[in-house]
Amino acid sequence: MATTQECIALENQFGAHNYKPLDVVLTKGSGIWVEDVEGKKYMDFLAAYSAVNQGHCHPRLVKVIQEQAARLALTSRAFRNDQLPFLAKELCELTGYEMMLPMNSGAEAVETAIKAVRKWGYTVKGVEANKAEIIVCDGNFHGRTTTIISFSSEDQYKEGFGPLTPGFSMIPYGNIDALKKAINKNTVGFLVEPIQGESGVVVPPKGFLKEAAKICKLNNVLLVADEIQSGLGRTGTLFAFEHENIRPDMVIIGKALSGGMYPVSAVISSKEVLGVFNPGDHGSTYGGNPIACAVAREALKIIIDEKLIERSAELGKYLLNKLRNINSPYVDFYRGKGLWIGIVLKKEAGGGRRFCEALQKKGVLAKETHENVIRIAPPLVITKNEIDSALEKIEDVLTR
Ligand SMILES: *Cc1c(COP(=O)(O)O)cnc(C)c1O
């Protein structure tokens with residue numbers, strides 16, 4: 001078997017350097033545990049940015065993907081398959097929406113949402129051709145396509161990649177007055193993460209989403225929730241927007257929709273909105289393929305059968321309380337919902353990277369985001385004992 005150093009050297013030589021991963025080379029996973037090529041075991045406290053909410057290599061997902069791969073893998077949407085209709089029905093029944101459109105990556109689903117909202121703006125709301133505007137938030141993360149990075153507030157995401165796509169305006173996250181001011185007759189949508197993940201698990205001020213939903217309704221603007229990272233149990237509810245009792249017009253999901261087994265994403269919405277697509281308007285060769293749909297159906301059932309939403313709510317509260325009892329000279333404060341916690345470090349702590357490297361040595365894998373936040377997001381199948389064991393290591397690293 002290849003060694004850590006061999007793998008790193010090969011990747012550095014032949015792979016583009018668009019990431020700066022921790023120097024750990026993983027080869028196996030099960031539940032919350034992963035193992036590197038040297039045989040060392042770690043608790044995964046990132047869960048592939050919440051794609052692996054159901055735990056690594058969930059036996060039910062392994063079984064379904066093996067069976068479906070052996071039966072039928074890809075038809076393209078030129079023909080129908082016998083998995084997509086049932087994923088569509090089950091997803092709509094679970095979420096209470098009327099229609100879904102399947103894609104592969106999260107970014108593709110965001111692109112799909114943008115196209116749907118724009119076309120709805122022209123054909124239903126009556127916005128003048130090519131004038132549609134979508135409002136987004138400062139600190140957003142919605143993916144990496146050219147259009148999506150066009151409305152990022154991260155300079156690095158954009159620099160060198162222009163010309164950028166027009167039609168977006170930005171407000172400070174959580175600022176309701178700014179939202180009111182930004183809306184004009186051409187505004188067709190407000191695209192928002194109910195909790196910002198990549199920004200460092202940023203929870204907006206209480207009431208912001210509720211107010212935003214009201215203002216959108218009043219102005220005939222579609223509220224689009226990007227729940228790719230926050231959704232499907234991560235925050236202790238099926239969707240993070242439920243914490244404010246709202247119902248967005250459109251929801252974008254991905255990541256945990258397949259439990260980390262396969263790229264599957266989707267947008268879910270009403271007939272009024274997704275009905276704007278006519279044959280030929282949009283598509284994807286792999287979108288809605290039988291493997292993706294069979295895996296997603298099982299991944300959703302696992303969330304319900306294993307009560308992962310309830311676990312996240314309960315264990316998240318427990319973990320956050322325990323963390324808050326750690327007396328660390330480096331931590332400014334903690335924030336989050338469910339098993340999704342940002343440890344916000346003080347400026348003088350010197351960034352999150354060295355804490356993550358120290359955690360790695362102790363057998364816990366986590367990743368800093370935006371320099372000074374350590375994101376804690378283990379698979380939702382984690383047990384209380386495993387949390388206690390990880391807490392000891394986190395406390396060690398934060399108090400040393
Ligand atoms: C990860 C993520 C995306 C992009 O998903 P990809 O599958 O990486 O394209 C979009 N929005 C949010 C909120 C995300 O966390």
Side-chain angles (χ1 to χ4, degrees), residues 16 18-19 21 46-53 101-117 134 136-154 157-158 161 165 168 170 173-174 189-204 209 223-235 237-241 243 248 250-268 284 286-289 292 295-296 299 336-342 366-370 373 375-377 379-380:
N18 57 324
Y19 276 94
L46 178 64
Y49 305 97
S50 295
V52 192
N53 284 359
L101 194 161
M103 283 278 137
N104 311 285
S105 69
E108 281 176 304
V110 174
E111 289 274 353
T112 302
I114 292 168
K115 284 175 73 176
V117 167
I134 295 173
V136 299
C137 293
D138 193 22
N140 72 69
F141 183 85
H142 297 287
R144 299 291 205 154
T145 66
T146 317
T147 287
I148 295 170
I149 56 115
S150 296
F151 55 83
S152 172
S153 47
E154 274 302 297
Y157 292 1
K158 295 188 283 196
F161 302 121
T165 307
F168 300 93
M170 190 174 298
Y173 189 53
F190 175 45
L191 171 62
V192 63
E193 297 156 90
I195 293 176
Q196 288 186 331
E198 290 318 289
S199 219
V201 197
V202 182
V203 184
L209 290 172
L223 176 61
V224 182
D226 182 343
E227 291 265 7
I228 291 172
Q229 194 167 156
S230 56
L232 303 177
R234 175 52 62 187
T235 69
T237 47
L238 180 64
F239 291 120
F241 63 70
H243 294 293
M250 176 175 265
V251 185
I252 312 170
I253 52 177
K255 295 201 167 109
L257 181 54
S258 69
M261 192 53 69
Y262 197 85
V264 191
S265 65
V267 298
I268 49 181
S284 159
Y286 276 83
N289 76 72
V295 168
K337 279 229 162 37
L339 276 171
W340 207 29
I341 295 166
K367 185 79 168 69
E368 79 280 6
T369 173
H370 278 248
V373 184
R375 168 177 27 200
I376 298 288
L380 306 181

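Whatever order the structure lists ligands and atoms in, that order sets their numbers, starting from 1. In what follows, every heavy atom counts, from backbone to side chain, and hydrogens, waters and symmetry copies are set aside.
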For this session: List the steps and the verdict of side-chain contact (heavy atoms from CB on, under 4.5 Å) for F168 and I114.
Result: CA-CA 10 Å; F168 300 93; I114 292 168; 4.1 Å; yes

For this session: Could you check H243 against T237 for side-chain contact (heavy atoms from CB on, under 4.5 Å), going step by step and ending with a plain yes or no?
Result: CA-CA 7 Å; H243 294 293; T237 47; 3.3 Å; yes

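To the nearest 0.5 Å, atom CE of residue M250 and atom CZ of residue F190 are 15.5 Å apart.
E198 has a carboxylate O that lies under 4.0 Å from a charged side-chain N of R375, or vice versa, which qualifies the two as a salt bridge.
Shown here are the side-chain hydrogen bond (donor to acceptor under 3.5 Å, both in side chains) partners of S284, two or more places apart in sequence or in another chain: N104.
The main-chain N or O of D138 is found under 3.5 Å from a side-chain atom of Q196 such that the two form a donor-acceptor pair.
When heavy-atom distances to ligand 1 are checked against 4.0 Å, the residues falling inside are S105, G106, A107, F141, H142, G143, E193, D226, I228, Q229, K255, ordered by chain and number.
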